[in-house]
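Shown next, in structure tokens, is the structure this report addresses.
All values below come from the heavy atoms of this structure, side chains included, with hydrogens, waters and symmetry mates left out.
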2 protein chains.
Amino acid sequence: MITQSEIATEKIRDQIVRGDVAPGTHLQENPLSQQLGMSRTPIRTALSSLAQEGLLEYVAKRGYRVKEFTVNEIVDAYYVRATLEGMACRLVAEKGLDRWTRNKLSKCVEEGEIITAKAAEDDFDGPAWRRMNNTFHRTIVEAAESPFLKRQIDQIVFIPLATLFVVANWGGRVNAENIGRAQVDHINILDALERGESSRAEARMREHLENTARLIRDYYERSQEMDEATEDLSVA
Amino acid sequence: MITQSEIATEKIRDQIVRGDVAPGTHLQENPLSQQLGMSRTPIRTALSSLAQEGLLEYVAKRGYRVKEFTVNEIVDAYYVRATLEGMACRLVAEKGLDRWTRNKLSKCVEEGEIITAKAAEDDFDGPAWRRMNNTFHRTIVEAAESPFLKRQIDQIVFIPLATLFVVANWGGRVNAENIGRAQVDHINILDALERGESSRAEARMREHLENTARLIRDYYERSQEMDEATEDLSVA
DNA sequence: ATAGAGTGATATGTATTCAATATTTAATTT
DNA sequence: AAATTAAATATTGAATACATATCACTCTAT
């Protein structure tokens with residue numbers, strides 16, 4: 001059965017992740033209950049859940065605010081994720097790739113080849129890449145068969161998601177070089193998994209995600225420079 | 001300000017962690033509200049929090065049960081913790097040990113020497129060892145200065161705590177050998193941190209905790225054998 | 001005697017009401 | 001005119017009341 005609380009949780013989370021409510025916004029219970037057509041009770045449990053997920057900040061007697069993530073926090077989260085998914089690779093390599101997983105990962109790599117080829121001709125299909133990329137990573141995490149590891153990764157994956165929507169859209173700035181490098185990473189990871197080279201698989205995955213973190217930091221720093229530039233313009 | 005919900009959360013968590021309520025127990029709202037002298041409302045939010053922490057299992061319209069952990073789950077959790085605290089060591093070694101942290105860790109090692117010396121003479125001070133051990137690990141995690149890492153480790157650390165109370169008391173079975181080995185691990189970890197040898201520090205910490213996981217598994221298997229033996233006796 | 005269906009009891013989910021505290025606004029004083 | 005204080009308003013925290021789903025027990029039928 002689906003409860004009102006669950007509905008509220010998902011809807012509010014969606015609003016945050018999609019960026020419909022700005023970071024720092026004070027989420028009040030009465031407006032939300034009116035907006036979602038339910039009483040304050042399920043709203044309260046939803047807000048409490050989202051706070052524990054890390055998407056909201058709670059201050060006693062003052063309610064919940066949408067958490068603001070600094071670049072450093074996002075990069076930090078990415079480094080933890082890199083370590084955890086590295087562990088996932090290690091576990092998968094140690095226990096050996098089963099046929100089903102191997103197949104799924106191969107298909108991801110194949111699709112990646114097509115996407116990168118098109119990207120080299122300035123025709124990058126962002127949504128397709130993200131779908132494929134998610135499948136690749138989630139398949140490995142699933143294959144590790146470690147419930148705790150999965151839980152930890154799940155928690156971290158959609159923390160910086162809100163901010164990632166910006167990066168994901170990426171202002172058309174995605175250059176073929178970055179995508180190509182990620183694709184090579186995927187190929188190497190799959191290769192290491194197939195050969196059962198656990199520490200290589202771990203290291204490659206870690207590197208892969210740390211590279212992404214660096215891209216995010218670069219993107220932010222550049223966009224900040226741009227902001228300053230436009231500020232200068234507006235002043236002038 | 002301290003809310004009723006927070007009081008309820010802490011009290012119920014305590015009951016679970018201390019083993020006052022058996023794993024699998026169905027926690028009902030009305031009895032708890034009477035027991036803690038408050039209405040059902042704060043109880044509900046407390047139960048919801050504890051479920052998200054992983055201490056309770058939730059089934060819609062059926063309420064909350066105290067989570068039962070299998071040996072495999074506990075070992076699994078320990079392996080994840082081993083990876084995460086390994087990462088903490090790596091970060092600390094990379095950025096260099098500050099004086100304060102180095103001092104605190106040194107004191108832990110010194111205290112460990114005394115405790116192991118006494119343990120070799122069959123006079124093991126369990127509580128002192130656990131206090132020191134907690135300080136050692138927490139100090140390293142703090143020194144890593146990674147909020148996400150800390151959060152993830154905090155979550156995992158007191159998940160299997162309930163079960164660990166059993167292991168901690170350990171039936172007087174703590175042999176000097178195991179404690180001595182853990183002490184040597186601590187010494188090596190501190191040495192690696194001091195030298196800034198990040199990958200050695202990471203590997204040593206990982207190994208250290210994986211050893212603990214193995215000890216827990218051994219303990220469980222032995223205690224299960226003992227259970228079977230006593231069963232046989234009672235039958236005979 | 002056993003299995004199944006139905007009814008009553010019990011527990012959870014939601015709404016509403018009440019209370020306490022924080023914030024804002026207005027008024028008064030310096 | 002500005003600042004401080006007090007009063008009013010609004011928002012969160014908790015309790016109570018109400019609705020709904022699950023569970024257990026009983027009764028009936030095979």
For this session: Count the heavy atoms belonging to other residues, nucleotides or ligands that lie under 6.0 Å from CD of Gln35(A), then report whether that count exceeds 12.
Result: yes
Exercise. For Ile2(A) and dT12(C), what is the distance between atoms CD1 and C1' respectively, to the nearest whole Å?
Worked result: 16 Å
For this session: May I ask you to say what Tyr64(B) touches in the nucleic acid, namely base, sugar-phosphate or nothing, with a heavy-atom cut-off under 4.0 Å?
Result: nothing
For this session: Return yes if a side-chain donor-acceptor contact under 3.5 Å exists between Arg90(A) and Thr83(B), otherwise no.
Result: yes
Seminar exercise, completed: In whole angstroms, the gap separating P of dT16(C) from CD of Gln4(A) amounts to 12 Å
For this session: Name every residue in residues 27-34 of chain B that has at least one heavy atom under 4.0 Å from any atom of DNA chain C, in order of residue number, or write none if there are no such residues.
Result: Leu27(B), Gln28(B), Glu29(B), Asn30(B)
Exercise. Thinking salt bridges, do Glu111(A) and Arg131(A) make one under a 4.0 Å N-O criterion?
Worked result: no
Exercise. Hey, is Asp154(A) close enough to Lys150(A) for a salt bridge, meaning N to O under 4.0 Å?
Worked result: yes
Problem set entry | Listed nucleotide nearest any side-chain atom of Arg62(B), set dA22(C), dC23(D), dG13(C) | dC23(D)
For this session: Nearest whole angstrom, please: distance from the C1' of dA22(C) to the OH of Tyr58(A).
Result: 13 Å
Problem set entry | Arg130(A)-Asn133(A) side chain donor-acceptor pair, cut-off 3.5 Å | no
Exercise. Going by number, which of residues 39-49 of chain B have a non-hydrogen atom under 4.0 Å from DNA chain C?
Worked result: Arg40(B), Arg44(B)
For this session: Tell me which nucleotide among dT21(C), dA21(D), dA14(D) gets nearest to the side chain of Lys61(B).
Result: dA21(D)
Exercise. Under 4.0 Å: is that the gap between some side-chain N or O of His26(B) and OP1 or OP2 of dT12(C)?
Worked result: yes
Problem set entry | Phosphate OP1/OP2 of dG13(D): any Ser5(B) side-chain N/O under 4.0 Å | no
For this session: Using the side chain to side chain donor-acceptor pair (under 3.5 Å) rule, pick out the option among Gln155(A), Lys67(A), Arg13(A) that qualifies with Glu53(A).
Result: Arg13(A)
Seminar exercise, completed: Asn134(A) meets the side chain to side chain contact (heavy atoms under 4.5 Å, CB included) criterion, sequence neighbours left out, with none
For this session: State whether the number of non-hydrogen atoms from other residues, nucleotides or ligands found under 6.0 Å of Arg62(A) atom CZ is greater than 12.
Result: no
Exercise. Should we say atom NZ of Lys95(B) is surrounded by more than 12 heavy atoms from elsewhere, each under 6.0 Å from it?
Worked result: yes
